[in-house]
> 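Before anything else, here's the structure in question.
All values reported here derive from a predicted model rather than from experimental measurement. If you read the sequence from its start, that first residue is 1, and numbering goes on from there.
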Amino acid sequence: MNNHPINTAAKQLHEEARVLGQSGQYDESIRKLEAAMDLEPTWAYPVYDLAFTYLLKGDSAKALQFYQKTDELQPKGFFTTKTALYTLEGEKAGKFPSGLYMAYMQIEWTQDANEKFQIARTITDHVPDFAPAWKELANLLDDNTQRLNVIDTGLSKAPDAETQGVLLINKAIILDDSGKKEEAKKILGDLIFSAATTTANVELAKFALKSIAENKQ
């Protein structure tokens with residue numbers, strides 16, 4: 001979501017930084033990302049990756065600083081920035097235990113569905129006010145009644161904008177499946193026109209709404 005072409009040298013530095021980060025060469029990756037930011041100060045991608053790299057280094061304060069900068073550059077959302085801010089700010093304020101965001105990200109990093117479920121369940125058991133874990137748990141359940149209960153629990157936990165949008169979209173899909181088409185359409189319509197909804201969730205909600213409208217059953 002950029003209004004101008006990205007400098008070729010900045011793109012190259014960013015790609016090199018990502019390769020270095022993937023191999024655990026975090027300090028070298030940081031230098032490349034900072035150089036890319038110098039060339040393209042309004043480009044959110046290297047800032048976002050810098051935040052993540054500091055997170056991997058165990059520097060949550062620096063990670064929070066650059067997630068905040070990413071959010072300033074892309075206030076309508078950029079990948080997991082909203083959830084990262086919600087969690088790291090919660091850790092800093094003492095609302096959430098230190099290291100929660102890293103624990104939560106294990107859900108994304110593992111490929112095993114049972115392991116994903118166990119991580120999400122452990123987090124909801126020990127940190128019940130952490131809305132993103134309820135979102136993940138809902139995605140891992142098969143029974144729609146259980147999923148809807150978990151989604152409503154997540155929505156009651158004051159989620160970040162990204163998490164709230166995903167929860168509401170999934171709720172609308174379940175309601176449509178259960179024959180509550182108009183209720184589902186209202187949820188999606190409200191989400192699309194809300195100023196707080198992230199760009200990604202606006203597009204997902206539009207897609208879901210289109211699918212519901214095309215479903216004649």
Side-chain angles (χ1 to χ4, degrees), residues 1-93 96 98-112 115-116 119 130-133 135-136 139 159-166 195-207:
M1 296 181 295
N2 295 286
N3 296 323
H4 65 277
I6 301 300
N7 180 286
T8 302
K11 284 185 178 180
Q12 181 63 33
L13 285 164
H14 179 237
E15 287 301 318
E16 292 172 0
R18 288 175 66 85
V19 172
L20 288 165
Q22 288 165 4
S23 64
Q25 300 178 69
Y26 301 137
D27 291 336
E28 293 84 350
S29 178
I30 287 170
R31 283 192 284 272
K32 297 272 189 181
L33 291 169
E34 288 173 340
M37 289 163 57
D38 288 340
L39 291 172
E40 285 286 359
T42 64
W43 186 27
Y45 215 151
V47 186
Y48 174 83
D49 281 344
L50 185 58
F52 182 60
T53 304
Y54 274 117
L55 189 71
L56 293 175
K57 279 174 62 70
D59 191 337
S60 59
K62 279 283 191 180
L64 176 57
Q65 175 188 336
F66 287 104
Y67 279 124
Q68 289 169 335
K69 177 64 175 175
T70 305
D71 197 51
E72 291 171 8
L73 292 171
Q74 293 286 355
K76 290 291 287 180
F78 193 83
F79 293 105
T80 63
T81 298
K82 297 289 187 185
T83 301
L85 281 175
Y86 166 88
T87 312
L88 293 173
E89 287 173 350
E91 290 182 32
K92 183 179 179 181
F96 301 136
S98 178
L100 176 61
Y101 191 56
M102 282 295 288
Y104 169 71
M105 293 193 74
Q106 303 300 318
I107 299 172
E108 178 182 344
W109 293 340
T110 182
Q111 300 300 312
D112 185 271
E115 188 174 349
K116 286 177 182 286
I119 296 169
F130 184 61
K135 177 198 72 176
E136 298 295 337
N139 290 339
D160 62 276
E162 182 65 29
T163 298
Q164 182 179 42
V166 173
T197 307
T198 64
T199 299
N201 280 337
V202 167
E203 296 307 313
L204 285 172
K206 286 179 179 178
F207 180 82

> Indicate the atoms forming the closest heavy-atom contact of A161 with A196, along with that distance.
CB-O, 3.6 Å
> Identify the heavy atoms of P159 and A131 that sit nearest to each other, and give their distance.
CB-CB, 3.5 Å
> NZ of K32 to CD of E15: how many Å apart, nearest 0.5 Å?
12.0 Å
> Within the side chain of K76, is there an N or O that forms a donor-acceptor pair under 3.5 Å with the backbone of T197?
yes
> So how far is it from K11 NZ to L39 CG, rounded to the nearest 0.5 Å?
13.0 Å
> Working to the nearest 0.5 angstrom, can you tell me the gap between Q68 CD and L88 CG?
9.0 Å
> Would you say H14 and R18 make side-chain contact, with heavy atoms under 4.5 Å?
yes
> So which heavy atom on P132 is nearest to which on D160, and how close?
CG-OD1, 3.8 Å
> Between T70 and F66, is there a donor-acceptor pair closer than 3.5 Å when you use the side chain of the first and the backbone of the second?
yes
> Does the side chain of L85 come within less than 4.5 Å of L64's, by heavy atoms?
yes
> Could you check whether any side-chain N or O of E40 sits under 3.5 Å from a backbone N or O of N7, counting only pairs where one atom can act as donor and the other as acceptor?
yes
> Any side-chain heavy atom of K57 within less than 4.5 Å of one from I30?
yes
> Between OG of S23 and OH of Y26, what distance do you get to the nearest 0.5 Å?
8.5 Å
> Does K82 use its side chain to pair, donor to acceptor, with the backbone of D71 at less than 3.5 Å?
no
> Write down the atom of L73, the atom of A44, and the distance for their closest heavy-atom approach.
CD1-CA, 3.9 Å
> Among Y45, W43, F52, find the residue that satisfies the ring-ring contact (aromatic ring centres under 6.0 Å, His included) test when tested with F78.
Y45
> Please report the interatomic distance CD(Q74) to OG1(T198), rounded to the nearest 0.5 Å.
11.5 Å
> Is the shortest heavy-atom distance from the side chain of F130 to the side chain of L100 under 4.5 Å?
yes
> Is it true that T80 and Y67 share a donor-acceptor pair across their side chains at a distance under 3.5 Å?
no
> If we count only N and O atoms by modelled type, under 3.5 Å, do the side chains of E16 and Q12 hold a donor and an acceptor together?
yes
> Would a 4.5 Å heavy-atom cut-off, applied to side chains only, mark K62 and Q65 as touching?
yes
> Has Q106 got a side-chain atom pairing as donor or acceptor with I119's backbone, closer than 3.5 angstrom?
no
> Is a side-chain N or O of T110 found less than 3.5 angstrom from the main chain of I107, in a donor-acceptor match?
no
> Quick one: does any side-chain atom of N201 pair with a main-chain N or O of E162 as donor and acceptor, under 3.5 Å?
yes
> Compare every heavy atom of A63 with every heavy atom of A51, then report the nearest pair and how far apart it is.
O-CB, 3.3 Å
> With a 4.5 Å heavy-atom cut-off, do W109 and E115 have their side chains touching?
no
> Evaluate the criterion salt bridge (charged side-chain N to carboxylate O under 4.0 Å, His left out) for residue pair R31 and E34; output intermediate values, then yes/no.
CA-CA 5 Å; R31 283 192 284 272; E34 288 173 340; over 6 Å; no
> Tell me whether T53 contacts the main-chain N or O of D49 through its side chain, where contact means a donor paired with an acceptor under 3.5 Å.
yes
> Does a salt bridge link K206 with E203, judged by any charged N lying under 4.0 Å from a carboxylate O?
yes
> Any non-hydrogen side-chain atom of M37 less than 4.5 Å from a side-chain atom of L50?
yes
